[in-house]
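Encoded as structure tokens, here's the structure I'll be asking about.
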Amino acid sequence: MNIEQANQQAVERMMEARPVLVGIGTARDVIPGMRDNLLLHAGAPITWERASGPMRGAITGALILEGKASSEAEAQQLVESGEIELEPCHHHNAVGPMAGVTSASMAVYIVEDKTYGGLAYSNLNEGYGKVLRYGAYSEEVINRLTWMTETMAPVLKAAIEASGGIDIKALLAEALHMGDEGHNRNKAGSILYLKALAPHVARTCSDSSVAGDVLQAIGDNALSVLNPVMAACKAMADAAHGIEGSTIVSTMARNGTDFGIRVSGLGDQWFTAPVGTPQGLYFPNFTADDASGDIGDSTITETIGIGGFAMATAPAIVTFVSGTPKDALNTTMEMYEINYTEHKYFTMPQLDFRGTPTGIDIRKVVETGITPRVNTGIAHKEAGVGQIGAGLVRPPMACFEQALIAYAEKYGI
Amino acid sequence: MPITKTEIRRGAYYDSIILMQLQAGLADLDGIENVGVMMGTEANKALLTQTNLLTDEAKSALPDDLIIAVQGQDEATVSTALSQIDKLLAKRHSVIEEMDYLPQSIEAATKMLPSANWVLISVPGRYAAGVAREALRFDKHVFLYSDNVSAEDELSLKHEAAEKGLLVMGADCGTAIVNGVGLGFANQIRRGPIGVVGASGTGLQQVTARIHQLGSGITHALGTGGRDLSEQMGAITARQSLDLLSRDPNTQVIVLISKPPAKGVADSLLRLARSSGKPVVVNFIGYQPPAEIHGIQFARTLDHAAELAVMLAKQPMPGLSRGKPVESAPSTGKDGQARYLRGLFSGGTLAYEALLILQEYLPLVYSNAPLDRAYKLSDSLVSQQHTIVDLGEDEFTVGRLHPMMDNSLRIQRLQQEANDPEVAVILLDVVLGHGAHADPVSELAPVIGAALAQADEAGRNLKIVALVCGTNEDPQDMSAQIEMLQQAGAYVETNNETAVRYVGQKLQGLNPTSGLAPVSLEMLDQPLAAINVGLESFTASLQTQEAQVIHVNWRPPAGGNQKLMDILARMKKK
């Protein structure tokens, strides 16, 4: 099989995967390899020493939630002593936005790829403000997480199971025609998610007050579908991973310190380089000086062809790319240069229903000097502050250059 | 002491991004210290409290209310800022007029302009070959303006292009005019009947300009690059171009200009020119022309070349360019496919004249009695490529009657040729009259019929052409002989020149005269559409000429990192 055939197979699998949200479970019960002394986190492997502020804060919060620590210092001691281990979500078929920290007792979404049979997992979205994924771990954060695990998750689990599964691929395709790009803007998708859940919540939840709280939490949070979407993207990316000879990127993820990529034909090796700081718009009183390095597994959306790559279809957030709808179109046009194909199912009305750029090809990235464009939230660099803005970022070119050299070595080129 | 003022807007929905943009716009105004633009949720109010932006008015806002809080030096500054809200919210960027994206790779450009048939390359020489390879990968013809391309690269590009039936003009090609559109440096030249092939940019310009001045015009002017006619390049592009123009029905006269080519290259080009079937004017600047070659006129200067071409276009040379252009190009050229001529003559002079006329159509024809000793059959009993055999030569008549009387040798040879899958056309003469066989066709026709049937069965396209030399008063009854031949499936002519030219044209279509994969004539007919990589002025020039063009915003591959460039180049071969 030559490179073209391998890449063709990889993108076919990426596009033909059909991720369906089938349920919710407890991390320790459902995520492969999950254990009580393990925390999953976003991006490539990281140590406490190298971890960014938000990552340390999220680790601390998760350990507080698990009743293992009560302060950052204690958390540090547990992690540095090796008593608590850190491993990437990506090593466990999982993904998580921003810090992505997932602990054993947390509830997680279960997404099943109905075409190839793969499973993928993601934690539940907490909403805005002070949240664990941005490194906040105050009491209200922990209380919210506890409510999510104890109250919200069982209601959602029953509703999802009663629905027979929610087809996230179809939901995404629809949301892309409603102004979402699937990464930073998930307003339409979250409403579609609410619509899919609501009748089943009403039928399965006997406590109408709780049902109301849960539906409100889903409806108020324009990112509520982000986590199932990310798990769905993970399932699609995994379907394309491990094709011998392929130069297609199958993972892009940030741990707040390093940007890491993996390539379909290069096994589980990470290619990392220091993350950049996103360019974007900030909440009142915050500036770029407050921003943490780029963080989160949510770049799994760009990895499979949406998010920043589908900018043309999300005119409501074009201000991220300097302002005009034309710039949004140009962003997508630029991404066509480095992607292997155009998505069969994810289309954009603004480009006459052309498919989104899909399947980042390391050859094209290195050759053209164009790196992927990623839409992202911006975290404060200190633990506990939370989100301070949103914007755009690009991975460092070095990741792709290293991968190309590794490919040449592995395949004797 | 800074002051804070708040404006509350009810029932207004704005995407949060618009609000953040409004906030940024207000914060940019002179004298403004802090701004909060948010919906009036409890969480947002808490945020405003932290930043001292929560006025009493804002405290009473509901979740669906938009709070705009502005803090500044003084009352006037803040009020001015608040008055800007509507203007800032209404600020519209230009709507999408048209796509203005400049692609950064040839691949992206091909998707944006799928009709592009040419790629113009004027990037620094070090990168030019790589860009040209990319263009060939997408099946585009290449106008390679860049210089400092190594000879090895140029040769490999030309070979690759020739295999795909594509042209690489250059390297260091300054001028070409394709279908009325000038590439690189070119004059505005009227369309007309003259096709030009030039290895010299200014030579091409001078000749085409002079043709225009003399009231005539050109079909196309194809550049080759100065190095094309060197021994090493073997005139690949010039040969392709000559072949292309010889097949182009609109080109009536061909001009070939170059600085003096290498000797061997000159000979092969002249042989090709002679077989183009069209009058050719050659100006190998400063070259001593050999003795007159049929069909070729040597010009002393560029201007003289133009004058000769214009004159020839008005009065085509007798005997040349007759008849219709070759029929639609049949399947051509691949090994093993039928493309060769076998002429089986009983009349020596008829064979000799056939060889003379075929020079205008075919680069070389073998014979047992060739015009040039270099093309003598090594074994008269075995044909090679295109062959004309005079079966009346002494070597065949030892102990046997002359083939005008005895058909046995010809029948045997006819069967032999018809069985050769590489044979496309068999030409034979049937000489009637006193002394000749009393009814030659009665013996030949069954063999012809069987050969055609057998070829047909094998899916081969075999043609048998018979020249009948005789009169209606001959003892054999010419009409009856012709009728029998036609019934057997042969194409019959009674005039040698007509028969040979018919055969010549047929074979020309099957045999690109350059010996290379033919460049499709469609390329000349389609409106020129190009991808330009390099000098922006070339894009502007094409736009001025109303040709479709897309400019590639080119950067050195892999940022010019040689190690990565080498890996990428090797991966492309995998």
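Residue numbers begin at 1 in each chain, while the letters A, B, ... track the order of the sequences. These numbers come from a predicted model, not from an experiment.
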Please determine whether a side-chain nitrogen of the Lys or Arg among A/Glu337 and B/Lys111 lies less than 4.0 Å from a carboxylate oxygen of the Asp or Glu.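 No, no charged N to carboxylate O under 4.0 Å.
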Taking all non-hydrogen atoms of both residues into account, name the closest pair between A/Tyr282 and B/Met20 and its distance.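 The answer is N-CE, 4.4 Å.
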Given B/Lys572 and A/Arg363, is the side-chain contact (heavy atoms from CB on, under 4.5 Å) satisfied, shown in steps? CA-CA 9 Å; B/Lys572 279 179 186 165; A/Arg363 295 175 302 174; 5.9 Å; no
Interface residue of largest heavy-atom contact number with chain A, from B/Ala109, B/Pro556, B/Ala558, B/Gly559, under 4.5 Å: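 Greatest number of close heavy-atom pairs with chain A: B/Ala558.
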Could you list the donor-acceptor pairs under 3.5 angstrom formed by side chains in residues 394-405 of chain A, with sequence neighbours left out?
| residue | atom | partner | partner atom | Å |
| --- | --- | --- | --- | --- |
| A/Arg394 | NH1 | A/Thr371 | O | 2.7 |
| A/Arg394 | NH2 | A/Glu334 | OE1 | 3.1 |
| A/Gln402 | NE2 | A/Thr272 | O | 3.0 |

Less than 4.5 Å apart, any side-chain heavy atom of A/Pro284 and any of B/Met38?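 Yes. Closest side-chain heavy atoms under 4.5 Å.
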Of all residues at least two apart in sequence or in a different chain, which pass the salt bridge (Lys or Arg N to Asp or Glu O under 4.0 Å) check with B/Arg137?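 Testing B/Arg137 for salt bridge (Lys or Arg N to Asp or Glu O under 4.0 Å), a comparison that skips the adjacent residues, returns B/Glu134.
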Count the heavy atoms belonging to other residues, nucleotides or ligands that lie under 6.0 Å from CD of B/Glu57, then report whether that count exceeds 12.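 Counting neighbours around CD of B/Glu57, more than 12 heavy atoms of other residues, nucleotides or ligands fall under 6.0 Å, so yes.
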For B/Met571 and A/Ile413, which heavy atoms make the closest approach, and how far apart are they?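 Heavy-atom minimum between the residues: CG-CD1, 3.6 Å.
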I need the contact set between residues 24-36 of chain B and chain A: heavy-atom distance under 4.5 Å, sorted by residue number.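 Contacts with chain A: B/Ala24, B/Asn34, B/Val35, B/Gly36.
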Say you draw a straight line from CG of B/Leu47 to OH of A/Tyr128; how long is it, rounded to the nearest 0.5 Å?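 Here the rounded value is 13.5 Å.
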OG1/A/Thr331 to OH/B/Tyr101 distance, rounded to the nearest 0.5 angstrom?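 OH of B/Tyr101 is found 9.5 Å from OG1 of A/Thr331.
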Find the distance between CD1 (A/Ile370) and OG (B/Ser105) and round it off to the nearest 0.5 Å.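 Separation between the atoms: 6.5 Å.
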Check whether more than 12 heavy atoms from other residues, nucleotides or ligands sit under 6.0 Å from atom CD of B/Gln562, and answer yes or no.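 Correct, the count exceeds 12.
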Taking atom NZ as the centre, does A/Lys130 end up with more than 12 heavy-atom neighbours from other residues, nucleotides or ligands that are less than 6.0 angstrom away?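 Atom NZ in A/Lys130 is not packed in, count stays at 12 or less.
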Taking C-beta and beyond as the side chain, do B/Ile567 and A/Glu367 meet within less than 4.5 Å on heavy atoms?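 B/Ile567 does not reach A/Glu367 side chain to side chain.
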Let's test your reading of the structure: which of B/Glu107, B/Met565, B/Gln104 forms the most heavy-atom pairs below 4.5 Å with chain A?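 Heavy-atom pairs under 4.5 Å are most numerous for B/Gln104.
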Taking only residues two or more places apart in sequence or in another chain, which ones pass salt bridge (Lys or Arg N to Asp or Glu O under 4.0 Å) with A/Arg144?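 None.
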Taking side chain as everything from C-beta outward and backbone as N, CA, C, O, which of these in B/Leu48 sits under 4.5 Å from a heavy atom of chain A? Side chain, backbone, both or neither.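 Contact with chain A: none, neither part.
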Under 4.5 Å from a heavy atom of chain B, the part of A/Glu409 involved: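 For A/Glu409, there is no contact with chain B at all, as no heavy atom is under 4.5 Å.
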